[in-house]
Every structure is written in C-alpha cells, then in structure tokens.
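Naming: A, B, ... by sequence-line order, numbering from 1 per chain.
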Amino acid sequence: MQLKAPRGTYDILPPDSSKWQYIEGILKETAETFGYREIRTPIFEHTELFERGVGTSTDIVTKEMYTFKDKSLRSLTLRPENTASCARALIEHSIYSGIMPAKWYYIGPMFRYDRPQTGRYRQFHQFGVEAFGSNSPYLDAEVVILLIEVLKRLGLKEYELHINSVGCMQCRDVYRQKLIKHITPVKDMLCPDCQTRYQQNPLRVLDCKEKSCHQAIVNYPTLFQHLCSDCARHYDMVKEALQANSIDYRHDDNLVRGLDYYTNTAFEIHIPGIGAQSAVGGGGRYNGLVEDCGGPDLPGIGFAMGIERLLLAVNTLAAKELESGNSDVFIAIMNDDYELQAVELLTCLRRENIRAEKDYMGRSGRAQMKYADKLGAKMAIIIGDDEIQQGYFTLRDMQSKEQVQIDKDEIIESVKDRLAKFRGGNG
RNA sequence: GUGGGUGUAGCUCAGGUGGCUAGAGCACCAGAUUGUGGCUCUGGGGGCCGUGGGUUCAAGUCCCAUCACCCACCCCA
C-alpha cells in the first residue's frame, strides 16, 4: 500500500503555500500593530496541563487528544489549543511580575482527534492572541476589534459576531442551579445528546439544534438575566466599546463556549458559505485559568482563529492572484559548453536578489525558452557561440520579444535597471 | 463515535445487463523549428482500475470486508 499523509492531515504545496504566507503575514502584522508580540510554545505538553487548563468535562480532553507516553513513560499530549500553554509559560517565567498586561499572539499547528470534514482537520492551524493581567472590559473590546480588523484586512465583509457573557464563577453557579430546576421536569423530552449534556453541562442544552429540545425548555431563564452586578456592568462596557468602534454584534443568549475556562465575555465569529464548520474564530475571558494552572489569580482574555477556515472564506472571494513564484530572469545556453558561464552568472544575479533560474534537465535551446516562459520569467539572457566569442550577452524581453546585446560586464546593472522599470511600470 | 456519498493516469473524468493488449481531455517530455517561448501539428512516457478476499471459464464491472477522501451529525477553530 502506498504511504499517504495520515487521516485528517495534508500537505501545503506551492502555489498554495504562498496563500498561507500571505494570510500569516496579515495576521502577524495586525497583531503587532495592536501591541501583541509572538510567543512560541512547545507542540506537546504534559497531558496534565490540558486536563487542568482546558477542563476534564470537555470533548477536547475526553476524546480528542493525541496523548502518548515518551520513553521515560511521561504522559504527553500534542497541543489541542494554545491558551493553556500560554498560561503555563506565563507562570513558568513569572511574566506577571513584569509589565502588565502581557500581550501575546501565536500561530501554529494544533491537534485534535476528530472526524475530518470541510474546515476540520486533525492537524489544523490556529492564530490567536492572549492578554493576561487585566480585567478591563476595554481589553475585551480590543481583542474583538483585533479579530474584526483581521477579517477586514483579508477583505472578508460577510461575518456575524455573536457575543454573550457567561458570568463569573459565582453568578454562573446560581444560574446553573436555576436552569437545572427548569429543565429537570422536562428532561425526558430532551434528545439523547441533551440527556447527557444535562448531566455534564446543562448550559449546553441551550444551543442544541433539535427543535424538540428548544420546545421542551421554552421560556428558560437566561444567563444574561442572572449576571451579578459586576458581571452585568462588565458586559455593558464591552458592548459600549464595540459600539464606539462601530462594530456590529449580536447578543446571543445561547452562546456557551465549550471550554471550561471561560468567564464573562464570550464571542464567536461565523462566516456563512464555508460549510457546516462556520466558526472561524472564537474566544473570551478566562479569569480562572491562570490560577487553575497553579499560578496567581490573574485574569486573561483571548481568542483563536482557524486558518483553514479563513482560507476557505478567502478562497470564495477569488482573491487576487499572488504571483510570488515567478522568476525575473532565465539564463538560456545554446550550447552545453557554456554551463559554467551560466552557473556563474546565475549566482551573481542571485546575490543581487534577482530571481534567476537556469535549466537543469539538459533541454534544447528551444525547450529552455519554453521552460523560461512557464516560469514566468520577465527576461532571458541568452548565451551562445556568438556571445562568448564577442564578449556580450543577449538580453531578451520575454513580453516584447525585443533583444539587445549587452556587454558582459554590464549585464547585472542592465538587468537591474530593466527590473526596476518592470516594477515601476506595473504599479 | 453515528449516518450518507465517492474511490479508474499527476489532474478532471469516460468505461449499458461481466468478455481481446483499459480510454479521452488537460498536464508532462520530445520533435516539426539542431541559436529563441506563448499558437498549431505529430509522437512519447506514464495505470497492482484504493486494498484484501469471494463468486465466475472470465471481474474496472457483481458480492463482502477494509482503508481513504467528501458531505452531514456531534464538537469546535
């Protein structure tokens, strides 16, 4: 049997890789503009970090982790997300004793054992930001604004921002009891999934898609109505800040994010038309996380975006062609005696940062020109008997077919001049 | 983990009810044009027909299993 990439993984080949570079560039640039610096954490961590940080009741921890034992029988896990690692790094390096807030962004692969489908892979890529050490609602807003700014810079105009507040540990607990009281009399009418959700995390029953479940729990108390005064005020201030930035959002009572560490603000971005997995980004506040991971009682907020899903959305726009792979100059030799001259000139051009190419397949002169054309070379340098005997190179403009003889000592300068004109001319 | 769909050349796909050396377009390579690209023409290389088993004189075609991909559930980014 032929070896293939493991299920749910895939290769990113040229020319697609340049799309990735383009998107990653925008993500990094935007984050840096907002004052976030890059953090790179290990791809695997102690399994315990995710159990504590993500939460043992979540699907991620109970059935989606790639966990293995190393040769010393340590239990390690390929990171399913990066927030817990950031909290760990914050604690491990005592970052909290420095300037606060600590603002980080990351970009890289994550791993979850899930059934693959459109926009969902076992190795997938996330961009995310985390800000530790401040409970300011305006920081919540900053993070959301950053998320929206990324979409804008990518040219994505159709998206829905949903936000909610899941309260603090105290008001959420009060609410949870009320909700259980409301659901218990009708629990037999719930779908099988909700029967178990009701046991583990009754809040999840709220965003079940089954109509019968909605009908069963109709007029349920909302979390929004049960926020304590601090949490309600915090939520109001976040919304005010978003309004001040003309960012449209929709309060969504049913938005209950899956990870255990969320408190207060929770948000999600959906883009229609990219399949069932339409959440391109989501996040929120996680004021209990750092302490849960063994650090001080420090608040935090952040989000993560799925790059594969962003790419799906960008592709539906038929985004402008990125012609980064094209060569500037192709060196064609009309006689294989001149290989060495070609090799030498090639290096000289490249040292001037000119994208230069030559043939390595023993092609005929004609085939070399065809190859140059496929590479998208703007010009060709032709080396034949006449050129060598008389000490010049023939420089051909591939578009106009115009050819000139250039003294071999002036070829580099001449190529540079012409390239500058190409770039200026095409805007 | 559950359900549905699909696996034939690098890619997109043809191959009624089983029957000679498995086809096309595109791509790739070469030649026409031995010192010159895009168009055209000619030729060429490429296939364990996803894999394993079964039925049959005979399987790309029928049956079973398995794997992979796609779509959806679930969950999430």
Side-chain angles (χ1 to χ4, degrees), chain A residues 1-10 13 54 57-64 80-83 107-128 147 191-194 196-197 200-201 204 207-210 255-259 262 267-271 274-283 302-313 330-336 338 359 361-388 394-403:
Chain A
M1 188 185 95
Q2 213 185 42
L3 235 40
K4 292 180 181 165
R7 179 157 210 208
T9 70
Y10 61 100
L13 305 169
V54 178
S57 81
T58 61
D59 280 15
I60 290 180
V61 170
T62 55
K63 47 191 194 199
E64 295 177 3
E81 55 98 59
N82 209 16
T83 301
I107 189 161
M110 308 294 158
F111 305 84
R112 292 183 199 173
Y113 188 89
D114 233 354
R115 188 91 178 251
Q117 73 183 81
T118 311
R120 189 168 74 188
Y121 300 90
R122 289 182 173 180
Q123 176 175 169
F124 62 103
H125 298 80
Q126 282 189 335
F127 161 78
L147 174 52
C191 69
D193 285 336
C194 281
T196 57
R197 288 194 189 110
Q200 289 180 339
N201 187 351
R204 296 256 194 94
D207 61 0
C208 179
K209 280 152 196 146
E210 290 288 332
L255 174 56
V256 181
R257 309 218 70 245
L259 280 50
Y262 286 113
F267 56 92
E268 255 178 29
I269 287 272
H270 287 264
I271 293 187
I274 61 168
Q277 306 301 327
S278 62
V280 297
F303 71 74
M305 304 183 89
I307 299 182
E308 282 81 359
R309 292 179 188 178
L310 272 182
L311 212 54
L312 283 174
F330 186 89
I331 303 174
I333 54 172
M334 296 302 148
N335 178 331
D336 29 327
Y338 307 134
D359 170 57
M361 299 300 288
R363 288 177 169 87
S364 67
R366 196 169 92 87
Q368 287 179 62
M369 294 306 288
K370 279 192 174 188
Y371 179 45
D373 192 51
K374 278 172 198 153
L375 292 178
K378 298 180 185 71
M379 55 191 101
I381 294 171
I382 294 156
I383 306 176
D385 295 338
D386 296 347
E387 284 81 356
I388 293 298
T394 297
L395 186 58
R396 177 183 180 87
D397 183 313
M398 292 296 282
Q399 220 167 32
S400 69
K401 296 182 166 186
E402 222 173 278
Q403 290 193 178

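- The residue among Met369(A) and Tyr113(A) whose nearest nucleotide of RNA chain B is located toward the 5' end is Tyr113(A).
- Gly384(A) comes within contact range of at least one nucleobase, with a heavy-atom separation under 4.0 Å.
- Nearest heavy-atom pair across Val280(A) and Leu310(A) is CG1-N, 4.4 Å.
- Under the 30°/60° scheme for interplanar angles, the aromatic rings of Tyr121(A) and Tyr10(A) are found to be tilted.
- The shortest non-hydrogen separation linking Phe267(A) to Gly302(A) is CZ-O, 3.9 Å.
- Between the P atoms of G31(B) and A68(B), the separation comes to 44 Å (whole Å).
- Interface remark: the Glu268(A) side chain does not form any donor-acceptor pair with the C76(B) base, using a distance-only criterion of under 3.5 Å.
- A straight line from CD of Glu64(A) to C1' of C74(B) spans 9 Å, rounded to a whole angstrom.
- Counted by atom type alone, Arg363(A) and Gln368(A) present zero donor-acceptor pairs between their side chains at under 3.5 Å.
- Formation of a donor-acceptor pair under 3.5 Å by the Asp114(A) side chain with backbone atoms of Pro116(A) is not found in this model.
- For G35(B), the base has a donor-acceptor partner in the side chain of Glu387(A) [N/O atoms by modelled type, under 3.5 angstrom].
- At a threshold of 4.0 angstrom between heavy atoms, the contacts of Ala304(A) are confined to the sugar-phosphate backbone, with no base atom among them.
- Closest to the Phe124(A) side chain, of the nucleotides G4(B), C76(B), A77(B), is A77(B).
- With hydrogens and angles ignored, the 3.5 Å screen pairs a side-chain donor or acceptor of Arg309(A) with a backbone N or O of Ala279(A).
- What separates NZ of Lys63(A) from P of C73(B) is a distance of 15 Å, to the nearest Å.
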Could you encode protein contacts along nucleotides 27-32 of chain B as a string, one character per nucleotide from 5' to 3', using B for base contact, S for sugar-phosphate-only contact and - for no contact, with a heavy-atom cut-off of under 4.0 Å?
-SSSBB
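- Asn335(A) comes within 4.0 angstrom of nothing in the nucleic acid, heavy atoms only.
- When rounded to the nearest whole Å, the span between CD1 of Ile333(A) and P of G35(B) equals 12 Å.
- What separates CZ of Arg112(A) from C1' of C76(B) is a distance of 6 Å, to the nearest Å.
- One C1' atom belongs to U51(B), the other to C69(B), and the distance between them is 15 Å to the nearest Å.
- Atom name P, nucleotides A58(B) and U40(B): the rounded distance is 48 Å, in whole Å.
- Atom CG of Asp397(A) and atom P of U36(B) are 18 Å apart (whole Å).
- When the options Gln123(A), His125(A), Arg120(A) are evaluated for a side chain to side chain donor-acceptor pair (under 3.5 Å) with Glu308(A), the one that passes is His125(A).
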Pair pattern of RNA chain B in dot-bracket, where unpaired bases get dots and | marks partners in another strand, Watson-Crick or G-U under 3.5 angstrom
(((((((..((((.....[...)))).(((((.......))))).....(((((..]....))))))))))))....
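- Among the protein residues, Gly119(A) comes within range of the nucleic acid bases, having at least one heavy atom under 4.0 Å from a base atom.
- Heavy-atom minimum distance, Arg112(A) versus Pro80(A): NE-O, 2.8 Å.
- For the C1' atom pair drawn from C67(B) and C29(B), the interatomic distance equals 34 Å after rounding to whole Å.
- Donor-acceptor pairing under 3.5 Å, judged by distance alone, is present between the side chain of Gln117(A) and the base of C74(B).
- Rounded to an integer number of Å, the gap from Ile382(A) CD1 to U34(B) C1' is 16 Å.
- The residue Gln368(A) sits apart from the nucleic acid: no heavy atom pair falls under 4.0 Å.
- Both Gly8(A) and His270(A) lie close to RNA chain B; mapped to their nearest nucleotides by heavy-atom distance, the more 5′-ward contact belongs to Gly8(A).
- The OH-P distance, from Tyr10(A) to A68(B), rounds to 18 Å in whole Å.
- Straight-line distance between the P atoms of A22(B) and C63(B): roughly 23 Å, to the nearest whole Å.
- Contacts of Gln403(A) with the nucleic acid, taken as non-hydrogen atoms under 4.0 Å apart, include base atoms.
- Only the C1' atoms considered, U33(B) is 24 Å distant from C26(B), to the nearest whole Å.
- G54(B) and C13(B) have their P atoms separated by 32 Å, with the value rounded to a whole Å.
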Assess whether side chain to side chain contact (heavy atoms under 4.5 Å, CB included) is satisfied between Asp386(A) and Thr394(A), documenting all intermediate values.
CA-CA 10 Å; Asp386(A) 296 347; Thr394(A) 297; over 6 Å; no
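- Taking atom C1' on both U2(B) and A24(B), the two are 40 Å apart, rounded to the nearest angstrom.
- Contact annotation: side chain of Arg115(A) to base of C70(B), donor-acceptor pair absent below 3.5 Å.
- The distance between atom CD1 of Ile383(A) and atom C1' of G35(B), rounded to the nearest whole Å, is 13 Å.
- Using modelled atom types, no side-chain atom of Arg122(A) and backbone atom of Thr9(A) make a donor-acceptor pair closer than 3.5 Å.
- Nucleic acid contact for Tyr121(A): base, since at least one base atom lies under 4.0 Å from a heavy atom of the residue.
- An OP1 or OP2 oxygen of C69(B) is reached within less than 4.0 angstrom by a side-chain nitrogen or oxygen of Arg7(A).
- Residues Tyr338(A) and Ile333(A) come closest through the heavy atom pair O-CG2, 3.7 Å.
- The minimum heavy-atom distance between Ala380(A) and Met369(A), with the atom names listed, is CB-CE, 4.2 Å.
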